[in-house]
Amino acid sequence: MDDNTSLMPASIVFAFDANKDRNYDDFKNTINGIRLHRTMINGGDTVFAVGVLHKILHPLGYQIQASPEAFTETNFHLVEEEVSKKVDLHVSMLLESALDCKDEGVDFEVKIVAGSPTRRVVLQETKTANATWVVLDKHLRRDLQFYLKHIPCKVAVVLDNLTVEVLRPYTTVDKENIEVEVVYSMSKSVPLSSALDIENSQQSVISFASYSASIASSESSDLLKSNSSSSLFYWSMEHLFPSNYVYVSTPMQQKSGQ
């Protein structure tokens, strides 16, 4: 990594499918792969880990497409709760990488966006961040032609072995304005935490994974017990990550006067 102070701070978007399961090694190896490309990231830059949540898990076990038409004021809390949990989960996965990059002056931020289709949300978030690079996770490769056609910044992709391959090392002219109405989004900066915090966060992720699995397999009569476990998870995460959330206004919130 070049610590070139003459360069303006830049934004690198790491886009991924937030509905797919991943672990610490996935994120750590991907970030290391980005750091190995010396022209991709410099001191003072910010890496935005943007996850697209295109389906929302209902407490009864089935999934709902993340579109504004699918949610009303009565069930909108499902989106808020799922996005919040995903933000905390992925912040914890990036703690070690943030600590590794502390001396290099690189910041990390996680943003989870509930919306679909995924490719259009990725395109919109890349433009919103004014990214110099977008790194597409391996699960997004099926839409590579769409991304190469519409994304104006430089493009790289994560391979199956978690290395990062540059697909287009130059920018193109942004001729189109493709927008998608997202359901809800939330972002949070990754704090510079100690090794102890990282170990604690790993335990929280393990607990979260077990809790998610129990929801998918439980009967509706067990919902009260699941909600109690969820409250315990939120309490631990709030104490681990005390920084503030950034909420994005949604059509649902505007209608309800929030």
side-chain contact (heavy atoms from CB on, under 4.5 Å) assessment of His150 paired with Arg119: CA-CA 10 Å; His150 296 287; Arg119 62 182 181 273; over 6 Å; no
Atom pair [atom1]/[atom2] of [X] and [Y] - distance to nearest 0.5 Å:
X: Leu162; Y: Asp25; atom1: CG; atom2: CG; result: 8.0 Å
X: Phe14; Y: Thr126; atom1: CZ; atom2: OG1; result: 12.0 Å
X: Leu78; Y: Tyr184; atom1: CG; atom2: OH; result: 12.5 Å
X: Lys188; Y: Glu109; atom1: NZ; atom2: CD; result: 11.5 Å
X: Arg168; Y: Cys153; atom1: CZ; atom2: SG; result: 7.0 Å
X: Met93; Y: Leu95; atom1: CE; atom2: CG; result: 11.0 Å

Other residues, nucleotides, ligands: >12 heavy atoms within 6.0 Å of Asp21 CG: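 Atom CG in Asp21 is not packed in, count stays at 12 or less.
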Other residues, nucleotides, ligands: >12 heavy atoms within 6.0 Å of Lys127 NZ: yes
Close side-chain approach of [X] to [Y], heavy-atom, < 4.5 Å:
X: Leu94; Y: His90; answer: no
X: Val182; Y: Gln124; answer: yes
X: Val157; Y: Tyr147; answer: no
X: Lys111; Y: Met186; answer: no
X: Ser187; Y: Val87; answer: no
X: His54; Y: Asp17; answer: yes
X: Lys154; Y: Thr171; answer: yes
X: Glu82; Y: Ile112; answer: no

Check ion pair Asp26-Lys138 (N to O, under 4.0 angstrom):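 Looking at Asp26 and Lys138, the cut-off is not met.
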Please check this pair: side chain of [X] against backbone of [Y], looking for a donor-acceptor N/O pair closer than 3.5 Å.
X: Lys86; Y: Ala18; result: yes
X: Arg22; Y: Phe27; result: no
X: Ser116; Y: Ala66; result: yes
X: Asp45; Y: Ala10; result: yes
X: Asn19; Y: Lys55; result: yes
X: Asp143; Y: Leu140; result: no
X: Ser84; Y: Glu81; result: no

Thr30 vs Phe16, side-chain contact (heavy atoms from CB on, under 4.5 Å): CA-CA, chis, key distance, verdict: CA-CA 11 Å; Thr30 298; Phe16 61 94; over 6 Å; no
Val134: which of Leu123, Ile12, Ile151 passes side-chain contact (heavy atoms from CB on, under 4.5 Å): Ile151
Common cluster, Tyr170/Met8, ILVMFWY with side-chain heavy-atom separation under 4.5 Å: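 Shared cluster, no.
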Derivation and outcome, side-chain contact (heavy atoms from CB on, under 4.5 Å), residues Asp137 and Lys20: CA-CA 11 Å; Asp137 193 28; Lys20 300 290 185 181; 5.9 Å; no
Which atom names give the shortest non-hydrogen contact between [X] and [Y], and what distance separates them?
X: Phe71; Y: Asn75; value: CA-OD1, 3.3 Å
X: Pro152; Y: Asp174; value: CB-CB, 3.8 Å
X: Ile34; Y: Ile41; value: O-CG2, 3.8 Å
X: Ala114; Y: Ile56; value: CB-CD1, 4.4 Å
X: Gly43; Y: Val106; value: CA-CG2, 4.5 Å
X: Val190; Y: Val91; value: CG1-O, 4.0 Å

Glu125/Val13 under side-chain contact (heavy atoms from CB on, under 4.5 Å): CA gap, chis, key distance, verdict: CA-CA 8 Å; Glu125 292 301 319; Val13 169; 5.8 Å; no
